[in-house]
Undergrad: 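If you scroll down you'll find the structure; I have some questions about it.
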Number of protein chains: 2
Amino acid sequence: MKKVSLADISKELGVSKTLVSFVMNGKAEEMRISEEMTEKVLLKAKEMGYKANYLAKALRTGKSNTIGLIVADISNTFFAKLARSIEDEAIKYGYNVIFGSSDEDSKKSTKLIDVFLDKKVDGLIICPSKGDENYIKKLQKAKIPNVMVDRYFSNIEGNIVVVNNKEGAFQIVEGQIKKRYKRIGCVNFNVGLIQMDYRLEGYKAALVANEIEYDDQLVKNVSFENIEEKAEKAVKELLENDVEVIFFTNNHLAFLGLKLIKEHNRKNKRQVSICSFDSYAFMDLLEVPIVYGVQPISLLGKNAVDLIVKQIDSDTLVNEKRVLPIDILEIK
Amino acid sequence: MKKVSLADISKELGVSKTLVSFVMNGKAEEMRISEEMTEKVLLKAKEMGYKANYLAKALRTGKSNTIGLIVADISNTFFAKLARSIEDEAIKYGYNVIFGSSDEDSKKSTKLIDVFLDKKVDGLIICPSKGDENYIKKLQKAKIPNVMVDRYFSNIEGNIVVVNNKEGAFQIVEGQIKKRYKRIGCVNFNVGLIQMDYRLEGYKAALVANEIEYDDQLVKNVSFENIEEKAEKAVKELLENDVEVIFFTNNHLAFLGLKLIKEHNRKNKRQVSICSFDSYAFMDLLEVPIVYGVQPISLLGKNAVDLIVKQIDSDTLVNEKRVLPIDILEIK
DNA sequence: CATTTTAGCTAAATCGTTTAAGTAGCAAGG
DNA sequence: CCTTGCTACTTAAACGATTTAGCTAAAATG
């Protein structure tokens, strides 16, 4: 509210700014300031309502105590929850979070990275879009602490926090196979993101491991534009192709497919099941039997922050990849 | 990536920092820098990859081009969407957004306000919690641009962006009355937030306006702690009390009540309808007839940012209250 | 008693900008 | 020829902290 500076306090007490600075930073002892003086300063500071000016501090020390978070879309539940867990974890270490949404657009995300760097964030947590590789490489060269979350690139190293996409998908699909299903369709979100590729791989691996022949016809790729129409089309084709189960590689696709499948199940005797990687909270309510993977979102955030803080504190870029297991839940 | 300063450029060209600063800020003409020189500077700046240091700039000018956003919980869809729209709008004006979640806890939110002020945000967009009044008054006294969104306090003035809670609730409930329903229950989120009070008022007003006697027994208040159990209890009591419709004052309560009502409707001949203020996207899928209010979230965000920017630019605190109408949607 | 050490503090540079105030040189006005 | 005014710049002081190097007086050392 006011704007009391170190200088104000020092003038008031007739001492130097240096002394006040030392005291305020807890370096009184180290700098051999007498206890008497230390107390006087602390008292005065409180009395005058002194608050250090972050900007000045940051300018001088090069530490802003802010981390930048770049997600695909903060209004998406997954990223919103991730943001929350990052916020909570960051605050524990004394950091605040500045965020931006990239809409899976590399231009936007690199722009955001630039802006955040200009704002001198201490580190960046990024859910990278297709095409961000080079920019992330630049960050690494410039020794700017960074972590990729949820996605990464197979052609570059880095700090990575992801879930076990392949194994998770494998487990989900194998679970269906154990129920004696053989014709398992797949609707895949095909936007060049590595985690989706891995989920598809997991699907394939589950088939192979259980000696079911892989059928191209049963895998439908859906891209970002007109996702709704495309998803509907994919599901319809699969239903016509007599699938017993459909595996969706993300929650949004599952959501889009659900309606059609409910309709199908109401009209037909032959019931189609659903499984998906990730879900929405409400799916429990839908009275559709569904098996889905649950991502440990809050652990993703926690690990991301830990990795960032580790890098900031140690002043080195580690190269750590953390893979967290998903849970598998069944609604009957 | 690098760290080229004004001084570096000025040395390189043998001119003063001031000149370079003028050019970089587009004040060349105004400050009568020759075109020749202007071009030379711009070229050199590009060549050296100059980027202004935000911190230094902010320290000097007192403008950080950052706005602080305080919501109850960023992981909640409503706030996540709000955050997104604020982000998008802010970026148009050249601002970034730093956020924090208060969990409806005044201590947390005032703490966040303090931290954000220390970080010298140019303005604050706040979804205030119960008890934040005094702090907001302080902001106003200190002339710090601020806007309250989604909630406000009747005992203080300020800049406010909200939806028409009372009228909206009125319309929703009256819609039910027009369908010849008479026993209309209400489950209210009772946490001392003004918008909830207004929604309840709207409910009551709709009854009165349509000559239905208000019955205390049909209104259940649910608070924050153990919300799930409490909501269930409330719904059960209402069902036992032979209501025909239940009006939920927010989406989360509706969500919690849905399951029970679906069950009730399956078991009983007498069907109970649902209406609610606000919804979740998936409710369309539930095959429960429901009427709900749709908040113009993105307009809320847009207006909030506009109000903040207006204050920042004009250097005065306006006192503007913007009330946006909700839409009403019916799922059959 | 001269010298070194230490306790307790201060001066001044620095981070990278912005900006108020000034200056040198030249043209125009009276 | 002196003043005024303009052009195209520069100087230096901020902004509010941190931090290096140093200073003084008293205490310890030989």
Undergrad: Taking side chain to side chain donor-acceptor pair (under 3.5 Å) as the cut-off, I'd like each qualifying pair that reaches into residues 69-87 of chain B, sequence neighbours left out, listed once.
TA: Asp73(A)-Arg84(B), Arg84(A)-Asp73(B), Ser101(A)-Glu87(B), Asp103(A)-Arg84(B), Asp73(B)-Ser75(B), Arg84(B)-Asp88(B)

Undergrad: Which residues, if any, of residues 9-28 of chain A bring a heavy atom under 4.0 Å of DNA chain D?
TA: Lys17(A), Thr18(A), Ser21(A), Phe22(A), Asn25(A), Lys27(A)

Undergrad: Got a sec, which residues hit side-chain contact (heavy atoms from CB on, under 4.5 Å) with Glu39(A), two or more places apart in sequence or on another chain?
TA: none

Undergrad: List in numerical order all residues of residues 52-64 of chain A for which some heavy atom is under 4.0 Å away from an atom belonging to DNA chain C.
TA: Leu59(A), Arg60(A)

Undergrad: Of all nucleotides in DNA chain D with an atom under 4.0 Å from a non-hydrogen atom of chain B, which is the first and which the last going 5' to 3'?
TA: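 That gives a stretch of dT7(D) to dG16(D).
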
Undergrad: So, using side chain to side chain donor-acceptor pair (under 3.5 Å) as the criterion, who are the partners of Gln311(A) when residues are at least two apart?
TA: Asn159(A)

Undergrad: If the condition is side chain to side chain donor-acceptor pair (under 3.5 Å), which residues does Tyr95(A) pass it with, not counting sequence neighbours?
TA: Lys63(A)

Undergrad: With sequence neighbours excluded, tell me which residues meet side-chain contact (heavy atoms from CB on, under 4.5 Å) with Asn155(B).
TA: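 Once residues adjacent in sequence are excluded, the partners of Asn155(B) under the side-chain contact (heavy atoms from CB on, under 4.5 Å) criterion are Glu133(B), Phe153(B).
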
Undergrad: To the nearest Å, give me how far apart CZ (Arg32(B)) and P (dC26(C)) are.
TA: 17 Å

Undergrad: With sequence neighbours left out, what residues match Asn65(B) under side chain to side chain donor-acceptor pair (under 3.5 Å)?
TA: none

Undergrad: Under the salt bridge (Lys or Arg N to Asp or Glu O under 4.0 Å) test, which residues partner Glu89(A), sequence neighbours left out?
TA: Lys92(A), Lys302(A)

Undergrad: So, does Ser64(B) use its side chain to make a donor-acceptor pair with the main chain of Lys120(B) at under 3.5 Å?
TA: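 Checked: pair present.
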
Undergrad: In a table with atom names and distances, give each donor-acceptor pair under 3.5 Å that connects a side chain of residues 50-59 of chain B to protein atoms at least two apart or in another chain.
TA:
{"from": "Asn53(B)", "atom 1": "OD1", "to": "Leu55(B)", "atom 2": "N", "distance (Å)": "2.7"}
{"from": "Asn53(B)", "atom 1": "OD1", "to": "Ala56(B)", "atom 2": "N", "distance (Å)": "3.1"}

Undergrad: For Ala80(B), which residues count as a side-chain contact (heavy atoms from CB on, under 4.5 Å) partner, sequence neighbours excluded?
TA: Ala80(A)

